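Step one of this worksheet: look at the structure below.
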Amino acid sequence: MLSKILLLLGITLMYSTPLVFGALGGVISERSGVVNIGIEGMMTVGAFTAAAVSYFTGSPWLGLLAAGAAGGLISLLHAVASVTFKADQTISGIAINLIGPGLALFFCRLMFDDATMTLPAKTLPKLFGESGFADSPLKNLNVDVTVVLALAVSAVMWFFLYRTKWGLHVRSVGEHPAAADTLGIHVSRVRYLCVFVSGILAGFGGASMTLAIISQFTPTAISGQGFIALAAVIFGKWTPFGAYGACLLFGFAQALTIVLGGGDFAVPSQILAMLPYILTIVVLILFVGRSVAPKADGEPYEKGVR
């Protein structure tokens with residue numbers, strides 16, 4: 001029984017980690033007043049970059065860093081459109097979700113002999129499940145370092161947002177940018193930085209999928225994960241730990257899909273595959289009306305107008 005519980009916990013942590021990074025990216029961006037539904041595309045770019053760099057260099061750590069850089073660069077497109085040109089943030093995010101997979105597939109075909117998937121990359125080290133735990137139930141707790149990194153980033157973001165003056169600047173820009181502007185806070189700069197950090201975190205989320213779960217990039221590596229991460233942002237009420245808890249819930253749904261699918265229960269595989277997405281819809285129905293987004297979320301700021 002203990003082994004099964006640890007197995008379920010390990011799978012939950014493993015599959016929730018990409019969601020955590022994506023959701024934290026959504027939290028920091030929307031706290032500054034910029035809706036970022038392009039997290040899916042940023043995660044896809046990060047997933048490919050991590051797998052490709054890890055394969056060619058043999059270093060998953062370089063792959064992880066490169067994924068964050070790639071996610072940050074693609075997020076600048078969203079920042080330019082949303083902050084500088086004050087375009088509709090939803091449309092800009094949709095464009096990122098189209099551009100991201102397109103770029104990933106283009107470079108994948110270019111670098112891997114016209115293949116739509118990369119060759120297996122060197123993965124990040126596991127915390128448990130290694131040979132030292134071969135005779136222990138802990139071998140079923142098969143988690144890697146990104147699980148710890150995700151928890152650490154959640155704690156750092158909470159401290160930053162609620163215990164530092166820079167975090168106060170971010171929250172004030174997301175709530176009332178005109179008032180923040182009168183106090184000398186550079187609204188556009190804050191939003192640019194937050195969207196950029198959002199892209200970096202989304203890139204890490206994509207990397208944690210290809211460097212810790214499936215070990216290579218495929219066109220379906222990030223299949224709806226970015227949208228589930230956005231649901232976790234709403235469920236978690238735009239707070240780091242709230243989003244983290246919501247991602248654990250969605251990861252648990254994925255873990256149930258895997259455990260029940262390989263167990264003795266006669267549950268149709270189609271039903272199990274739909275479980276995480278059904279849970280996403282249910283969460284949005286039950287909580288979207290109760291969650292209050294930052295007041296200026298999604299609203300372009302023009303100096304002197306508001």
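As the structure is a prediction and not an experimental result, all values here were calculated from the model.
- Judged purely by atom type and a 3.5 angstrom limit, S29 uses its side chain to pair as donor or acceptor with the backbone of V34.
- Here CZ of F204 is found 11.0 Å from CG of L211. Values are rounded to the nearest 0.5 Å.
- Through chains of ILVMFWY side-chain contacts below 4.5 Å, L62 is grouped with V53.
- Counting only residues at least two apart or in different chains, salt bridge (Lys or Arg N to Asp or Glu O under 4.0 Å) contacts with residues 162-176 are absent.
- Cluster annotation: I99 is not connected to V45 through the hydrophobic network of ILVMFWY side chains, with a link wherever side-chain heavy atoms come within less than 4.5 Å.
- Of all heavy-atom pairs between Q225 and I222, the closest is CB-CG2, 3.9 Å.
- Between H186 and V190, the closest side-chain pair of non-hydrogen atoms is not below 4.5 Å.
- Here N97 pairs with E40, F227 under the side-chain contact (heavy atoms from CB on, under 4.5 Å) rule; sequence neighbours left out.
- Taking CD from E302 and CG from D181, the interatomic distance works out to 12.5 Å, rounded to the nearest 0.5 Å.
- Heavy atoms from other residues, nucleotides or ligands lying under 6.0 Å from OH of Y192 number more than 12.
- Partners of A232 by side-chain contact (heavy atoms from CB on, under 4.5 Å), not counting sequence neighbours, listed by chain and number: A23, A246, C247, F250.
- Considering all non-hydrogen atoms of both residues, S32 and V173 come closest at O-CG1, 3.3 Å.
- Residues S208 and F21 are in side-chain contact: their nearest non-hydrogen atoms beyond the backbone lie under 4.5 Å apart.
- Side chain of K126 to main chain of V145: no donor-acceptor pair is present (N/O by atom type, distance under 3.5 Å, no hydrogens or angles).
- Taking CD1 of I200 as the reference point, atom CZ of F196 lies at 4.0 Å (rounded to 0.5 Å).
- Side chain of T49 to backbone of G46: no donor-acceptor contact under 3.5 angstrom is found.
- Note: L161 CG to T164 OG1 = 7.5 Å, rounded to the nearest 0.5 Å.
- Considering CD1 of I214 and OG1 of T123, their distance stands at 12.0 Å, rounded to 0.5 Å.
- Applying the side-chain hydrogen bond (donor to acceptor under 3.5 Å, both in side chains) test to T118 and every residue at least two apart in sequence or in another chain returns nothing.
- At a threshold of 4.5 Å between side-chain heavy atoms, the hydrophobic network of Ile, Leu, Val, Met, Phe, Trp and Tyr places V147 and L9 in one connected group.
- Closest approach of Y244 to S154, counting heavy atoms only: CD1-OG, 3.4 Å.
- You'll find the side chain of P18 reaches within 4.5 Å of the side chain of I213, heavy atoms only.
- Both F217 and I74 belong to a single network of hydrophobic side chains, linked directly or stepwise wherever heavy atoms of I, L, V, M, F, W or Y lie under 4.5 Å apart.
- Note on F160 and L168: separate hydrophobic clusters, where clusters join Ile, Leu, Val, Met, Phe, Trp and Tyr whose side-chain heavy atoms are under 4.5 Å apart, directly or indirectly.
- The backbone N or O of A51 lies less than 3.5 Å from no partner atom in the side chain of S54, so there is not a single donor-acceptor pair.
- Applying the ring-ring contact (aromatic ring centres under 6.0 Å, His included) test to F56 and every residue at least two apart in sequence or in another chain returns F112.
- For the pair T146 and A212, the tightest heavy-atom approach, listed with the atom from each and the gap, is OG1-CB, 4.3 Å.
- Hydrophobic clustering, with ILVMFWY side chains joined whenever heavy atoms are under 4.5 angstrom apart, keeps V83 apart from L77.
- A search for side-chain hydrogen bond (donor to acceptor under 3.5 Å, both in side chains) contacts involving Q89 returns nothing, not counting sequence neighbours.
- The side-chain contact (heavy atoms from CB on, under 4.5 Å) test applied to T220 returns T218, not counting sequence neighbours.
- The shortest distance between side-chain heavy atoms of N36 and M42 falls below 4.5 Å.
- When all heavy atoms are compared, the tightest approach of G199 to S75 is CA-CB, 3.6 Å.
- The line from CD1 of I228 to CD1 of I39 is 12.5 Å long, rounded to the nearest 0.5 Å.
- In terms of modelled atom types and a separation under 3.5 Å, the side chain of H78 and the main chain of A95 share no donor-acceptor contact.
- Shown here are the side-chain hydrogen bond (donor to acceptor under 3.5 Å, both in side chains) partners of T210, two or more places apart in sequence or in another chain: there are none.
- Every residue meeting the side-chain contact (heavy atoms from CB on, under 4.5 Å) condition with I278, not counting sequence neighbours, appears here in chain and number order: M274, V282.
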Verdict with supporting geometry, I11 and F252, side chain to side chain contact (heavy atoms under 4.5 Å, CB included):
CA-CA 8 Å; I11 296 174; F252 178 71; over 6 Å; no
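- You'll find the side chain of V195 stays beyond 4.5 Å of the side chain of S82, heavy atoms only.
- Two residues are said to be in side-chain contact when any heavy atoms from C-beta on lie closer than 4.5 Å; S188 and Y301 fail this criterion.
- By the 6.0 Å contact criterion, NZ on K295 is open, its count of non-hydrogen atoms from other residues, nucleotides or ligands being 12 or less.
- Residue pairs meeting the salt bridge (Lys or Arg N to Asp or Glu O under 4.0 Å) criterion with at least one member in residues 87-112, sequence neighbours excluded: R109-D114.
- Looking at heavy atoms from C-beta onward, Q216 lies out of side-chain contact with L119 at the 4.5 angstrom threshold.
- Scanning for side-chain hydrogen bond (donor to acceptor under 3.5 Å, both in side chains) contacts around R31 gives Y162, with sequence neighbours left out.
- When atom types are taken as modelled, the side chain of T84 and the backbone of A81 share no donor-acceptor pair closer than 3.5 angstrom.
- Checked options I28, V27, L24; the residue passing with S198 is I28 (criterion: side chain to side chain contact (heavy atoms under 4.5 Å, CB included)).
- Within the 4.5 Å cutoff, the side chain of L248 has heavy atoms near those of the L13 side chain.
- I185 and S172 make their closest contact through CD1-OG, 3.6 Å (heavy atoms, listed as atom of the first residue, atom of the second, distance).
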